[in-house]
Amino acid sequence: MHIYGPISKYPYSEDRSYTPPEATVESFRKLQGILGVQRAVIVNATIYGTNNRIVTDAIAGSNNAYRGIATIDDKLSDRELEALDKAGIRGCRFTFLSRLRNAPDTSVFDRVIDQIKGLGWHVDIYLEADKLDMFAPRLRKLPIPYVIDHMGAIKVADGLEAPGFKALVELFKTDEKCWMKITGPERATAAGAPFTDVVPFARKLVETAPDRVLWGTDWPHPNVKFMPNEGDQVDLIPLYAPDPAVQRKLLVENPQKLFKFDPV
């Protein structure tokens, strides 16, 4: 999930590609109470550039219930990275989506990976599955785990046999460093709520590597055509993973391992 604002305390970057309404950590805590979710991973949004204070502040106030994914570049010192690690950051994010301007330079990406590999972090990568023919060789060579955001920005309308989705499944199956966020049905859907047309795609990914799948709401859902109801998101979980043991992997055990939460 993401946090936006309050803008008076956490102003958006002037170089942002979109401007969302505020969605504060206090609002998110109310949602957690409704959904019965105790832990969360906060992904720093692109609108904050490389300023991660909104994430580390939220972690500090969470009583060890939150972890974070930072946005960084190759200008941070080792000491600054270590400080982020101590603050609860467990990885960094790169967005290679074609719809967003200011895509990161791959040389910067490579230098950041070299910097963080000693911290035990992973890298979160948001890209379209139909770009995997270009990215997969680089991903397979990474020295650290990587997480593909939102099921590789798949589109249900393209079908299960779409080359991009098949390439995504193959990469996920054959590279044990690859993890997958089973998130963003509102982005992938062709039919709209309650997003059940996404189920065959999500289930295929869950079945491919049940020990490396992660679930989340992506609250507050920036840049979506269909704004989801959070209850609909939760109702999809048993459709993605009918087996209760796999549900526990998806919701508890896998994120616990990747983000280094205390065992429950």
Side-chain angles (χ1 to χ4, degrees), residues 1-2 39-43 67 69 90-97 113 121-156 158-189 195-219 221 228 233-234 236-243 245-261:
M1 45 75 67
H2 308 280
R39 291 171 166 175
V41 177
I42 306 166
V43 179
R67 297 290 186 269
I69 300 298
R90 294 295 176 260
C92 61
R93 187 190 200 208
F94 284 87
T95 299
F96 291 100
L97 290 181
I113 296 300
W121 287 9
H122 64 272
V123 60
D124 188 294
I125 300 171
Y126 194 9
L127 50 67
E128 292 98 341
D130 58 14
K131 288 185 177 179
L132 276 177
D133 57 344
M134 177 174 60
F135 278 94
R138 183 181 296 271
L139 297 178
R140 289 186 184 277
K141 292 178 181 177
L142 288 176
I144 60 174
Y146 58 95
V147 179
I148 295 181
D149 239 335
H150 301 323
M151 300 183 281
I154 58 170
K155 298 299 180 187
V156 166
D158 295 338
L160 285 165
E161 296 301 313
F165 184 67
K166 292 177 74 173
L168 184 71
V169 172
E170 179 63 17
L171 177 67
F172 191 35
K173 179 180 179 179
T174 57
D175 189 353
E176 293 188 356
K177 302 188 307 298
C178 181
W179 293 64
M180 189 73 59
K181 285 187 190 177
I182 309 300
T183 53
E186 73 278 11
R187 301 177 186 277
T189 186
F195 316 119
T196 51
D197 59 339
V198 181
V199 169
F201 298 81
R203 185 179 290 189
K204 176 65 176 178
L205 291 167
V206 171
E207 291 172 348
T208 296
D211 293 327
R212 289 182 276 117
V213 287
L214 307 160
W215 179 85
T217 61
D218 192 37
W219 183 89
H221 316 286
Q233 300 257 38
V234 173
L236 289 170
I237 294 169
L239 303 181
Y240 296 162
D243 184 342
V246 177
Q247 291 174 22
R248 181 173 173 81
K249 288 177 183 288
L250 178 67
L251 299 172
V252 180
E253 295 173 6
N254 295 350
Q256 184 171 275
K257 177 181 178 181
L258 186 67
F259 298 104
K260 302 176 184 176
F261 284 107

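Along the sequence shown, residues are numbered consecutively beginning with 1.
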Please state whether the rings of Phe259 and His122 are parallel, tilted or perpendicular, taking 30° and 60° as the class boundaries.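 The arrangement is perpendicular - the two ring planes meet at more than 60°.
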Got a donor-acceptor contact below 3.5 angstrom from the [X] side chain to the [Y] backbone?
X      : Y      : answer
Lys131 : Ala136 : no
Lys166 : Leu160 : no
Thr217 : Trp219 : yes
Asp133 : Gly164 : no
Gln247 : Ala241 : yes
Arg67  : Lys260 : yes

Tell me whether [X] is salt-bridged to [Y], with the criterion being a basic N under 4.0 Å from an acidic carboxylate O.
X      : Y      : result
Lys181 : Asp218 : no
Arg93  : Asp149 : yes
Glu170 : Lys173 : no

Stepwise, does the side-chain contact (heavy atoms from CB on, under 4.5 Å) test hold for Trp215 with Val234? CA-CA 10 Å; Trp215 179 85; Val234 173; 4.1 Å; yes
Between atom [atom1] of [X] and atom [atom2] of [Y], what is the distance when rounded to the nearest 0.5 Å?
X      : Y      : atom1 : atom2 : value
Glu253 : Arg248 : CD    : CZ    : 5.0 Å
Trp121 : Arg90  : CH2   : CZ    : 8.5 Å
Cys92  : Ile125 : SG    : CD1   : 9.0 Å
Asp175 : Lys141 : CG    : NZ    : 12.5 Å
His221 : Arg187 : NE2   : CZ    : 8.5 Å
Phe135 : Leu127 : CZ    : CG    : 5.5 Å

[Y] and [X], any side-chain heavy atoms less than 4.5 Å apart:
X      : Y      : answer
Asp130 : Phe165 : no
Asp211 : Lys249 : yes
Ile237 : Leu250 : yes
Glu186 : Val198 : no
Ile148 : Trp179 : no
Pro143 : Ile113 : yes
Tyr146 : Asp124 : no
Pro255 : Arg39  : no

List for me each residue that meets side chain to side chain donor-acceptor pair (under 3.5 Å) alongside [X], sequence neighbours excluded, and say none if there are none.
X      : value
Arg212 : none
Thr189 : Asp197
Lys204 : none

Step by step, work out the side-chain contact (heavy atoms from CB on, under 4.5 Å) result for Glu128 and Leu97.
CA-CA 6 Å; Glu128 292 98 341; Leu97 290 181; 3.7 Å; yes
Closest non-hydrogen atom pair, [X] against [Y]:
X      : Y      : result
Val43  : His2   : O-ND1, 2.9 Å
Cys178 : Phe172 : O-CE1, 3.3 Å
Pro228 : Phe195 : CB-CE1, 3.5 Å

- Item | Worked check of side-chain contact (heavy atoms from CB on, under 4.5 Å) between Leu132 and Leu139 | CA-CA 9 Å; Leu132 276 177; Leu139 297 178; 4.1 Å; yes
Assess the residue pair Leu214 and Ile182 against the criterion (side-chain contact (heavy atoms from CB on, under 4.5 Å)); give the C-alpha distance rounded to whole Å, side-chain angles, the decisive distance to 0.1 Å, and a yes or no. CA-CA 6 Å; Leu214 307 160; Ile182 309 300; over 6 Å; no
is_close_aromatic(Phe94, Tyr126), centroid dist under 6.0 Å: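 Between Phe94 and Tyr126, the centre distance exceeds or equals 6.0 Å.
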